[in-house]
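First comes the structure, then the notes that go with it.
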Amino acid sequence: MATTDEILSIVTAALFAALFVQFCIRFARSKWGIYAFIIFFCSIRIVAYILRAYLAVMNEGLAKGKTIEHDYPNYVSILITQMVMVSIGAIFILLLMARLYHSILPKMRHHAGHERGRFESTLVDRTRLFMLPVIACIIVGAVFASPDYSADQQNIGLICRKVGVIGLFLYALVFLAAAGIYRRRYPEAKRSFMICEVVTGLFVVSLIYKIVATFSAAALNNLTVYYIFSPLVELIALCFLCVDLQLHFLGRPEDKV
């Protein structure tokens, strides 16, 4: 009989798959790169929760006294891959936010006669560069979480995961603050920046949970808390992105940014 974790993992993967199809259709119609970031994020989440369901099946077998010695290397590889995908997914949302700001800020600045701000010239234009250390910490942390490593190495991995997730959280806070500032500065684009604010805020909530989970195993092992503050919050954020983003961030088709 399937466990609760298996069922919830499969349902979660199916919900992300439904959003994946929705954004694939939009991308096919518009060829707008913003949708590619959302599609990639959904893909990561689909694979991550399919892997989680598979791990739940293997863990159920272990609980019943079965051995997985013949499949142990595969089990460890899947465990590491799943951890990386769950942790690294939020990076693509921040990259998405950066592209949304990049699509609307030049137009807003031109109309208002403003100069480029520090936020736009650093985090928006060089988001990938700033994300590299975070990505490295998350990957190293997930690899060293393997049972094959010593306790000291696993502690190093845990520290790396904490640094990576906290780094993501701090970047997200900056993006969240920027959304509020721009919403007040450019009232004519209030709805556009409100979308950024809500989506970033929801991912901040998810990242807060991930930070707590790196310090407390109880938070990670509680399925109700996990599915509410991780996939559910992310799914709600993606639903806000289902609005006509091109209308809000690019305006009319003839409006070039």
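It should be emphasised that the depicted structure is a prediction, and the values quoted were computed from it without experimental measurement. Just so it is clear, the values below take in all heavy atoms, side chains as well, and ignore hydrogens, waters and symmetry mates.
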> Is there a side chain to side chain contact (heavy atoms under 4.5 Å, CB included) between Leu238 and Val199 once you walk through the steps?
Replying inline: CA-CA 8 Å; Leu238 289 178; Val199 172; over 6 Å; no
Measure the spacing between [atom1] of [X] and [atom2] of [Y] and express it to the nearest 0.5 Å.
X	Y	atom1	atom2	answer
Glu120	Met108	CD	CE	12.0 Å
His111	Tyr186	NE2	OH	11.0 Å
Phe119	Asp125	CZ	CG	10.0 Å
Arg116	Thr122	CZ	OG1	9.0 Å
Leu223	Thr3	CG	OG1	8.0 Å
Ile195	Cys242	CD1	SG	11.0 Å

Same cluster for [X] and [Y] if Ile/Leu/Val/Met/Phe/Trp/Tyr side chains link at under 4.5 Å?
X	Y	answer
Ile10	Ile7	no
Ile208	Phe229	yes
Ile91	Val205	yes

What side-chain donor-acceptor pairs closer than 3.5 Å can you find for residues 157-182, not counting sequence neighbours?
| from | atom 1 | to | atom 2 | distance (Å) |
| --- | --- | --- | --- | --- |
| Arg161 | NH1 | Gly141 | O | 3.1 |
| Tyr171 | OH | Phe130 | O | 2.9 |

> Between the side chains of Ser206 and Lys210, is a donor N or O closer than 3.5 angstrom to an acceptor N or O?
Replying inline: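 Yes - a donor-acceptor pair under 3.5 Å links their side chains.
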Would you say the rings of [Y] and [X] are close, in the sense that their centroids are separated by under 6.0 Å?
X	Y	value
Tyr149	Phe144	yes
Phe41	Phe203	yes
His102	Phe249	no

Within 6.0 angstrom of [X] [atom1], more than 12 heavy atoms from elsewhere:
X	atom1	value
Arg191	CZ	no
Glu115	CD	no
Arg128	CZ	no

Strictly distance-based, threshold 3.5 Å: is any side-chain N or O of [X] a donor or acceptor partner for the main-chain N or O of [Y]?
X	Y	result
Arg126	Ser121	yes
Ser103	Leu100	yes
Ser216	Ala213	no

> Quick one: ring-ring contact (aromatic ring centres under 6.0 Å, His included) pairs with a partner in residues 2-27, sequence neighbours left out?
Replying inline: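 Matches after skipping sequence neighbours: none remain.
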> Under the side chain to side chain contact (heavy atoms under 4.5 Å, CB included) criterion, do Ile38 and Leu245 qualify, and how do the steps go?
Replying inline: CA-CA 12 Å; Ile38 306 176; Leu245 292 177; 4.1 Å; yes
Any idea which heavy atoms bring [X] and [Y] closest together, and the distance?
X	Y	result
Met85	Val47	SD-CG1, 3.5 Å
Val124	Ala98	CG1-O, 3.6 Å
Ala17	Ile46	CA-CD1, 3.5 Å

> Which is it for Glu6 and Ser9 under the side-chain hydrogen bond (donor to acceptor under 3.5 Å, both in side chains) test, yes or no, and what are the steps along the way?
Replying inline: CA-CA 5 Å; Glu6 289 175 58; Ser9 295; over 6 Å; no
>> Please determine whether side chain to side chain contact (heavy atoms under 4.5 Å, CB included) holds for the pair Phe240 and Leu202, giving the CA-CA distance in whole Å, both sets of side-chain angles, and the decisive distance to 0.1 Å.
In response: CA-CA 10 Å; Phe240 277 96; Leu202 286 167; 4.0 Å; yes
> Does anything in residues 34-52 pair up under side chain to side chain donor-acceptor pair (under 3.5 Å), and if so which pairs, sequence neighbours excluded?
Replying inline: Asp5-Arg52, Arg45-Glu234, Tyr49-Tyr226, Arg52-Tyr227
